Amino acid sequence: MEQRDRLVAGQVPQLDLEVKALLNAGRLPEANTLFDQVVSRVPPGADRWQRSAVLINRAKLAWRLGRIPLALELAAEGWTDLDGEAGDNAAAAQAMHALAYLLEGIGNRRAAVDMLRLSVQVARRAAAGEILGHCLQGLGGTLNFRAISSDPERAPAIFEEARGYLKEGLELAQDHQMRRALLAAYSRSLAGVGELDQAEENAQEALRQAQEAGDKWASAVACWVLAVVRRDQGDLVQARTLASRAVAASESINDPSLLLRFSLDLADICAEMGDHVGEATALRCSVAAGRTATETLQEGLGQALEQRRVAVQAQRLAVAAQEAAARDPLTGLANRLGLERAAAGLLESTAARGRVPWLVLVDVDRFKGVNDDAGHAAGDATLREIAQLLRRECRAADLVARWAGDEFVVLLGDTDGNTLEVGPTVAERIRAAVDSHDWTVVLGTTRRPTVSIGVAAGPAKLDQLFAAADMALYRAKRHGRNRVEVEPHLVVPETVSGN
């Protein structure tokens, strides 16, 4: 295992490359298992730039595996190491390339292209041929997608620029997997500038190599390019077959960006053929892929990424073990220990301003039934979804935590406006958000979850507020669930000095 921890292919450990190969082959469970083994391992002797490249590359792998909170955490830490002048450091170029992939994934498309251009510049200065080829493939492939979504008048010039980068990359790359990726992307650029015969020749070669290597990523792109060529040649039947293969391959490797692009093209081909069933099926596929991207954006991942990056810089002053102990690994919220640590300061500052804190205690109704009906994985996904809804309905300064199991706590301090209404208002927003949320992606036809909420306020310690809110929660459960109950204001004569 130690030997496989060493940096190869420029700045990436061998084990990380094995995870990527499993992903590209559509072997997602195996990729997940191996990733769990390598994610916390730091290559021996890695400097700051190399560590940044490893962390951000692992963030990219986590993203493709659908482990978004972990991807953010790894990216934030790696981005922090990336701060500063990169100069001619090859590892910095590798890190920028991986970071651009994440920026593209969260919808920051302009920043992604800018980061890719910078990665190419740094790799050129470093005279790092293999890494430069990798960066050129990222930039050229991204420009291909930009050309497709651009005005028809501008598209040929963008395809031409992409072709130049990809051709240069092919002349540099020695790694077989990278060459397949470059060849497939290069063939799309050729098709974009009208060189259909050359595009077909290169795409067929990329497909042959990909099939021999079991590389479904390269197979998906090659089939897509061949579908584009056949469509331009007027052979819609063959174009539909090839586009369907591209969609199926991108589904199997869990790449929503490719899936969205390929399914839209398949829908267009089916529409031209009058195949309305095929068109509807492809559009449903594209809607599902688009929904995944939209929901990710709605979580505010772009903002969260920047906030986490800043937070990581500050958190390095603390002991790493303490940090891990205060966070719930499933939802990313503060856990019970984290709440208890932070509550004292928040309550004290609220009291110092002459304001009254509120505690909102949230409990998922009949959560055991969700686990029994949909399975524990769906139950975990439900808790993560509820955690996101809590974040959305609360302010950044509010303290949101997972207390235990299916119970969550929100501590509202420094409340403005009508003190008698703020706690119940926030609680009702949370209840309504969970009740109206679209749960079909997570739970299918399983009965959707609701929450019961108890609310309490007063110049009290955390345990006193919690006990009062718990009484209100009990009433909410007893009176039918999916409701908010408020405990009368606590009157505690002593000064809040702790939790």
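Predicted model, so just to flag it, every value in this text is computed and none were measured.
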Which heavy-atom pair separates [X] from [Y] by the least distance, and what is that distance?
X      : Y      : result
Ala123 : Leu132 : CB-CA, 3.7 Å
Gly26  : Ile253 : N-CG2, 3.7 Å
Val370 : Gly379 : CG1-CA, 4.3 Å
Ser52  : Ala95  : OG-CB, 3.7 Å
Val225 : Ala199 : CG1-O, 4.5 Å
Ala21  : Gln177 : CA-NE2, 3.8 Å

Cationic N near anionic O, under 4.0 Å, Asp438 to Arg448: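 So Asp438 does not pair with Arg448 through a salt bridge.
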
Of all residues at least two apart in sequence or in a different chain, which pass the side chain to side chain donor-acceptor pair (under 3.5 Å) check with [X]?
X      : answer
Arg163 : Glu160, Glu195
Thr331 : Asp328
Arg146 : Glu104
Asn57  : none

List for me each residue that meets salt bridge (charged side-chain N to carboxylate O under 4.0 Å, His left out) alongside [X], sequence neighbours excluded, and say none if there are none.
X      : result
Asp255 : none
Asp372 : Lys368
Glu201 : none
Asp36  : Arg67

Hey, are the side chains of [X] and [Y] touching, using non-hydrogen atoms and a 4.5 Å cut-off?
X      : Y      : result
Arg230 : Thr241 : no
His437 : Glu385 : yes
Gln204 : Leu226 : yes
Leu17  : Gln14  : yes
Leu65  : Leu23  : yes
Phe408 : Val400 : no
Leu399 : Val410 : no
Trp439 : Thr382 : yes

Look up atom [atom1] in [X] and atom [atom2] in [Y], then write down how far apart they are to the nearest 0.5 Å.
X      : Y      : atom1 : atom2 : value
Leu139 : Gln121 : CG    : CD    : 10.0 Å
Leu116 : Thr142 : CG    : OG1   : 5.0 Å
Ile158 : Ser189 : CD1   : OG    : 11.0 Å
Asp275 : Thr281 : CG    : OG1   : 8.0 Å

Distance only, no hydrogens: is a donor on one side chain within 3.5 Å (strictly under) of an acceptor on the other, for [X] and [Y]?
X      : Y      : result
Asn32  : Arg27  : no
His176 : Gln209 : no
Asp365 : Thr450 : yes

Kindly indicate, with the supporting measurements, whether the criterion side chain to side chain contact (heavy atoms under 4.5 Å, CB included) is fulfilled by Leu34 and Glu18. CA-CA 8 Å; Leu34 182 58; Glu18 292 175 21; 3.8 Å; yes

Take Arg124 and Glu168 through the salt bridge (Lys or Arg N to Asp or Glu O under 4.0 Å) test and state the conclusion after the steps. CA-CA 12 Å; Arg124 285 195 199 284; Glu168 181 184 357; 2.5 Å; yes

Which is it for Val426 and Glu393 under the side chain to side chain contact (heavy atoms under 4.5 Å, CB included) test, yes or no, and what are the steps along the way? CA-CA 7 Å; Val426 171; Glu393 299 302 330; 5.6 Å; no

So does [Y] get a backbone contact from the side chain of [X], meaning a donor-acceptor N/O pair under 3.5 Å?
X      : Y      : value
Arg392 : Ile430 : no
His97  : His134 : yes
Asp215 : Trp217 : yes
Ser219 : Lys216 : no
Asn202 : Gln198 : yes
Glu130 : Gln174 : yes
Asp16  : Arg58  : no
Ser263 : Leu260 : yes

Applying side chain to side chain contact (heavy atoms under 4.5 Å, CB included) to Leu136 and Leu166, what does each step give before you reach the verdict? CA-CA 6 Å; Leu136 288 166; Leu166 294 164; over 6 Å; no

Which residues pass the ring-ring contact (aromatic ring centres under 6.0 Å, His included) test with Phe367, sequence neighbours left out?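 Result, ring-ring contact (aromatic ring centres under 6.0 Å, His included) vs Phe367: none returned.
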
Quick one: list whatever passes ring-ring contact (aromatic ring centres under 6.0 Å, His included) with Trp224, sequence neighbours left out. Phe145, Phe262

Yes or no on salt bridge (Lys or Arg N to Asp or Glu O under 4.0 Å) for Glu212 and Arg208, after CA distance, side-chain angles and deciding distance? CA-CA 6 Å; Glu212 287 181 359; Arg208 183 190 68 77; 2.8 Å; yes

Salt bridge (Lys or Arg N to Asp or Glu O under 4.0 Å) between Arg110 and Asp114, worked out: CA-CA 6 Å; Arg110 181 182 296 275; Asp114 290 344; 5.8 Å; no

Working for salt bridge (Lys or Arg N to Asp or Glu O under 4.0 Å), residues Asp398 and Arg395: CA-CA 5 Å; Asp398 296 331; Arg395 303 167 306 173; 2.7 Å; yes

Would you please name every residue forming a side-chain contact (heavy atoms from CB on, under 4.5 Å) with Glu161, sequence neighbours left out?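 Listed in chain order: Arg117, Leu143, Tyr165.
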
Using the test side-chain contact (heavy atoms from CB on, under 4.5 Å), find all partners of Leu170 that sit at least two apart in sequence or belong to another chain. Arg179, Leu182, Leu183, Tyr186

Could you check Asn24 against Arg64 for side chain to side chain contact (heavy atoms under 4.5 Å, CB included), going step by step and ending with a plain yes or no? CA-CA 10 Å; Asn24 286 351; Arg64 287 190 61 187; 2.9 Å; yes

